[in-house]
Amino acid sequence: MKKICFVFAFVLSCFWNSEIQAQMTLYYMDRLPQIQLYNPALIPKVGFFLELPIIGNHQVELNNSGFNLGQFLDFSDNLDNANYNPNEFVNSIGDYNKTTGELRTNLLNFGFSLKNNGYFSMGFAVRNFIDLTAPADIVYLLEDNEKIANKMPLAINGMNVRMNTFSQLSITYARTIGTKLTVGITPKIIGALGGIYSERLNAELDKTDQGEFDTKFDGRVQIGLPVAINPQAIGSNGQLDTNEDLLDPDWAKNLYVGSAFQNATLAVDLGANYQLNEIWSFSASLLDLGKSGWKKYAYDISYNGENATVKDLSKLKMKIPVKIFIGADYKLSPDWNAGFLFRNVGYESGNFSSATFSLNGYVGRMLSTSVSYTAGHRFDNLGFGLRLRFFPGTDLYLVTDNVLQAFNYKNIQYSRVSFGINLAFGVSSKISGTAEIDEEL
């Protein structure tokens, strides 16, 4: 149990230590350079920008199909209540609960306009994806073992687990061709860090006669790690030794800057923007075409109740969910526009689509804003975006597709948020894809 739990904890720690993303509302906020994360052909109306670690861009997206945070907290608080029937909550989830999510932290990012009607930017980021489908009973495993002892033995059968954490070094180049068409490309080097892939994994949790809790697994798990498994944890027959740590206690000391790309693959983003006339423009992008992969530190673990056998894998590849954006923009005035945006994300467990209508614009020289409505996982997604110049050359921004959940966190079930601080200079007033600087802010 300790072995597989360590792997889950490793990837989850990478996942939750990043921050969240608001792709739909942010897409048309063109004084934010982060628009290029969703379409490399969208040239921001900023002459130069710089994102620094910690204060730079943080993004999170989380979707859970069966319940919201408030429902789970009510379930958790009442498990000790003799008059409470937890099965009502579990049955309300359905046969399976599906959780998907993406998190991203930009560690360094900068960009600037080019004289030949183009834009160049470069960035380094850590990204995380989760795609988990599991029987509804998995909610019991989120609780303290003592609180669910009366439910044991507890069997969770048929879990599909996919987690992927990787570093990314990218270069974005956008170029306006003629007066109407702008194309963009973002080639990326992907450095695989931590990953888990398993289908139809079974787990059973029970309390032993000695009063301890024991978990038995049945199935196969493929994992990718940043370092090798501790040799002391693998016996001569390839079986895991539960008395040893999965990784050497000093494993982190063996990492260095180059370790971020020791398992490197390539990926690419493609985008286009077409300015039909002074009022209408249309855009589309295809993101994350590629996979992360391991040529070393990849393993196959076969569980059979009490025992687990480890085998080295010569290679391991994990899918990065592909995103499609299709947008249309209608200019209402020199400072305001209305936008429509369709998005589809292709997880292995299925496709997730949403559509957004937004009103976007500027209030003076210091403020950009956006108000949006998104129909997708839920139909009460009112979004709001704010960019505020609070100091010369310094922009604070906060964008969410789900502003109502900010007032009642217990309703969180589907959430997108993006925030950070940009060092940015120069703003273009042009409506086309060029980035000529017209004024300094």
Side-chain angles (χ1 to χ4, degrees), residues 4-5 7-21 23 59-69 72 93-105 125-139 141-142 156-168 190 192-203 217 219-225 265 267 286-294 298 300-301 316-325 343-354 376-378 401 412-417:
I4 190 65
C5 286
V7 178
F8 274 84
F10 170 79
V11 180
L12 282 173
S13 66
C14 296
F15 190 86
W16 292 112
N17 282 333
S18 299
E19 309 283 344
I20 294 189
Q21 74 191 309
Q23 299 171 341
Q59 306 177 348
V60 184
E61 178 176 347
L62 182 64
N63 315 304
N64 192 66
S65 68
F67 56 92
N68 60 34
L69 179 60
F72 175 76
I93 297 174
D95 293 335
Y96 286 86
N97 183 76
K98 181 180 294 185
T99 301
T100 59
E102 176 184 354
L103 299 96
R104 175 181 186 135
T105 295
V126 176
R127 302 179 63 191
N128 314 262
F129 290 89
I130 183 172
D131 184 2
L132 171 64
T133 302
D137 284 347
I138 197 173
V139 294
L141 297 186
L142 302 178
I156 310 296
N157 297 322
M159 294 183 290
N160 294 335
V161 183
R162 304 173 184 96
M163 300 181 187
N164 192 0
T165 299
F166 56 89
S167 56
Q168 173 180 294
I190 302 297
L193 297 176
I196 301 175
Y197 185 93
S198 180
E199 291 187 337
R200 297 179 294 278
L201 180 66
N202 302 323
F217 290 93
R220 295 178 58 195
V221 178
Q222 293 182 328
I223 63 172
L225 297 171
T265 56
L286 191 59
L287 309 182
D288 292 323
L289 296 174
K291 297 181 179 180
S292 61
W294 287 259
D300 181 284
I301 304 179
L316 174 63
K317 291 186 177 181
M318 292 190 181
K319 178 183 177 181
I320 303 173
V322 175
K323 300 188 190 72
I324 298 173
F325 287 90
R343 186 190 78 148
N344 183 81
V345 183
Y347 285 95
E348 290 196 40
S349 61
N351 292 312
F352 297 87
S353 299
S354 55
H377 298 267
R378 294 170 61 94
D401 291 342
I412 292 177
Q413 184 172 351
Y414 163 61
S415 183
R416 296 186 190 139
V417 179

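Only a predicted model underlies this, so the values are computations on that prediction, with no experimental measurement involved.
Remark: Thr100 OG1 to Leu132 CG distance equals 10.0 Å, nearest 0.5 Å. Note that the CD1 atom of Ile320 and the CG atom of Asn164 stand 6.0 Å from one another [nearest 0.5 Å]. Atom CG in Leu201 sits 10.0 Å away from atom CD1 in Ile196 (nearest 0.5 Å). Remark: Arg200 CZ to Asn157 CG distance equals 12.5 Å, nearest 0.5 Å. To the nearest 0.5 Å, the span separating CZ on Phe166 from CG on Asn128 amounts to 8.0 Å.
Considering only residues two or more places apart in sequence or on other chains, Tyr197 meets the side-chain contact (heavy atoms from CB on, under 4.5 Å) condition with Arg162, Glu199, Gln222, Met318, Glu348. When the side-chain hydrogen bond (donor to acceptor under 3.5 Å, both in side chains) test is applied to Asp288, the partners found at least two apart in sequence or on another chain are Arg127, Lys188, Lys323. The side-chain contact (heavy atoms from CB on, under 4.5 Å) search around Leu141 returns Ile138, Leu154, Ile156, Leu205, not counting sequence neighbours. A search for ring pair (Phe, Tyr, Trp, His ring centres under 6.0 Å) contacts involving Tyr347 returns Phe352, not counting sequence neighbours. For Ser167, there are no side-chain hydrogen bond (donor to acceptor under 3.5 Å, both in side chains) partners at least two apart in sequence or on another chain. Qualifying salt bridge (charged side-chain N to carboxylate O under 4.0 Å, His left out) partners for Arg220, counting only residues two or more places apart in sequence or in other chains: Asp300. Taking the side-chain hydrogen bond (donor to acceptor under 3.5 Å, both in side chains) definition, one finds that Asn160 meets it with nothing, sequence neighbours left out. Looking at residues two or more places apart in sequence or on another chain, you find a side-chain hydrogen bond (donor to acceptor under 3.5 Å, both in side chains) between Asn344 and Ser353.
Taking 4.5 Å as the limit, every side-chain heavy atom of Pro321 sits out of range of all side-chain heavy atoms of Glu102. Side-chain atoms of Asn97 and Val139, non-hydrogen and from C-beta on, never get closer than 4.5 Å to each other.
Residues Leu316 and Gly224 share a closest heavy-atom pair of CD2-N, 3.8 Å. Looking at every heavy atom in both residues, Gly346 comes nearest to Lys319 through O-NZ, 3.2 Å. Across every non-hydrogen atom of Ser349 and Thr133, the tightest pair is CB-OG1, 3.9 Å. The heavy-atom pair separating Ala192 from Gly293 by the smallest distance is CB-O, 3.3 Å. Taking all atoms of both residues into account, the shortest heavy-atom contact from Ala267 to Ile190 is CB-CG1, 3.9 Å. Among all heavy-atom pairs drawn from Met159 and Ala134, the shortest one is CG-CB, 3.8 Å.
For Thr165 (side chain) and Leu193 (main-chain N/O), no donor-acceptor pair under 3.5 Å exists by modelled atom type.
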Exercise. Would Asn64 and Thr99 count as a side-chain hydrogen bond (donor to acceptor under 3.5 Å, both in side chains) if you check the C-alpha gap in whole Å, the side-chain angles of each, and the deciding distance to 0.1 Å?
Worked result: CA-CA 5 Å; Asn64 192 66; Thr99 301; 2.6 Å; yes
